[in-house]
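Structure, as structure tokens:
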Amino acid sequence: MTNEINWGDLTPELFLKEYWQKKPLLIKNALPGFQGSIDANELAGLAMEQEIESRIISKQPDNKWQVSHGPFDDFEQFGEQNWTLLVQAVNNWSRETDQLISLVNFIPRWRVDDVMVSFSTPNGGVGAHLDQYDVFIIQGEGKRRWQVGLPDSSLETLLPHPDLKQVSDFTPVIDEVTEAGDLLYIPPNHPHKGVALENALNFSIGFQAPSSQDLWSAFADKLIDNNRGEFRFADKNRQVTAEPEILSNDDVKSLTDFMLNEVNDSTFFPLFIGQYLTQSHHTLELLIPMEPFTNEQVKGFTEDNSIEFLPVSGIKSLISHTPSSNLFINGDVFQLEEETLELGKILASSQPLTMEQAKSFMGCLKNNQLLTTVLNKGYWYID
Ligand code: SIN
Ligand code: CO
């Protein structure tokens, strides 16, 4: 499979300018030859696992919607049509699916959350709904009719089942049948609805955009965990007031600044945000060795050309240079130095580390230690 989008008349620059967070877009045959990164049987296998979040949404003959939660051990009861199986974060279990994320490498990786995969039987779909995040939906095998509208405050919120939020009918601006290799981009809060015409697989690269509420709440937890922010508001230069019942504008400003001081801390906030953004929202298959490896053992592995160092599929990592270089993996932080920056970049790239690369790093103890640590944490493993 190609790992680039066939943009046609567009470019990533034009896409960001004209469409990203603004307008939905369908690109026909954006991925020529793409049928799927996993097939329906493999997807069904994942939906049988306890730790993998899955749902089946079906429409009953009386038009009532039904939602069943996985794990599933039998799909036959659902019949041959009118249902969709949705499996969250398939990229945490399928490396090929995780690699679909590289299609959107023109957007920083921290913005990407996961790849959800759905398998729909004829007439299957989840109904018209809104999502609060951007999504790129790639059509794998099969055909689906996708309708996408524009944000519309007059749409009614419907709850045909306690676990299923939908919206009332909308006027589509895109109404097309998608076929294998087609790519649909839907910005947040744009009503959309996909109905399968035949058995169909859809791969949804979903983005993450934290709410301010989530950030403040996680930041408060971080302050508490680090015993920070415990010192008290101070007002040494207070002047006499003739109106003691008034909370003055100056005092409101001082209290605001007092709180913002924590967020504006140029060391603490970047550390918090890197850790926050690399936390996984779904179970990962961390591969922690039974016995921690020693630096010497890891160095020894690089003598064997048949093995490869791999990141755990779906693990989130990034590098930040604010205020100094740090590698964040799965909510953990590793300080980088000049010598470890290059290895850190590879570790953050989610690409395998070739034995040749690994070998070249082992001459430096700091690189040896960094690789040993990420292996011992189970974030990377040897294959
Ligand atoms: C699906 O693939 O059926 C659901 C994708 C979505 O609309 O969020
Ligand atoms: Co959706």
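Counting starts at 1 for both ligands and their atoms, in listed order. Please read these numbers as outputs of a predicted model, since none were measured by experiment.
In this structure, Phe219 has its ring center closer than 6.0 angstrom to the ring center of Phe269.
Within ligand 1, counting atoms from 1 as listed, the ones closer than 4.0 Å to a heavy atom of Asp131 are 8 (O). Near Asn202, the atoms of ligand 1 lying under 4.0 angstrom from a non-hydrogen atom of the residue are 2 (O). Within ligand 1, counting atoms from 1 as listed, the ones closer than 4.0 Å to a heavy atom of His192 are 6 (C), 7 (O), 8 (O).
With Ile307 as the partner, the side chain to side chain contact (heavy atoms under 4.5 Å, CB included) test is satisfied by one option alone out of Thr302, Asp383, Ile382: Ile382.
The closest approach of Asp131 to the Co ion (ligand 2), by N/O/S atoms, is made by OD2.
The proximity of Ile186 to ligand 1, defined as any non-hydrogen pair under 4.0 Å, does not occur for either the backbone or the side chain.
For atom 2 (O) of ligand 1, the closest non-hydrogen atom on the protein side is Ser118 OG, 2.7 Å. The protein atom (non-hydrogen) at minimum distance from atom 6 (C) of ligand 1 is His129 NE2, 3.6 Å.
At least one heavy atom of Leu86 sits less than 4.0 Å from an atom of ligand 1. Note on ligand 1: Lys193 sits outside its first shell, no heavy atom being nearer than 4.0 Å.
At a cut-off of 3.5 Å, with distance as the only test, a side-chain donor of Asp175 or Gln147 sits close to an acceptor on the other residue. Donor-acceptor pairing under 3.5 Å is recorded for the side chains of Asp134 and Tyr185. When only modelled atom types and interatomic distance are considered, Asp113 and His281 share a side-chain donor-acceptor pair under 3.5 Å.
Looking at Ser120 next to ligand 1, no N or O pair under 3.5 Å apart turns up. Residue-to-ligand polar distances keep Trp146 apart from ligand 1: every N/O pair is separated by 3.5 Å or more.
The side-chain tip of Lys22 does not point at the ring of Tyr19 from less than 6.0 angstrom away and within 45° of straight on.
Ile101 and Ile315 fall into different hydrophobic clusters, where Ile, Leu, Val, Met, Phe, Trp and Tyr are joined by side-chain heavy atoms under 4.5 Å apart, directly or via other members.
The existence of a salt bridge linking Lys366 and Glu337 is confirmed by a sub-4.0 Å separation between a basic side-chain nitrogen and an acidic carboxylate oxygen.
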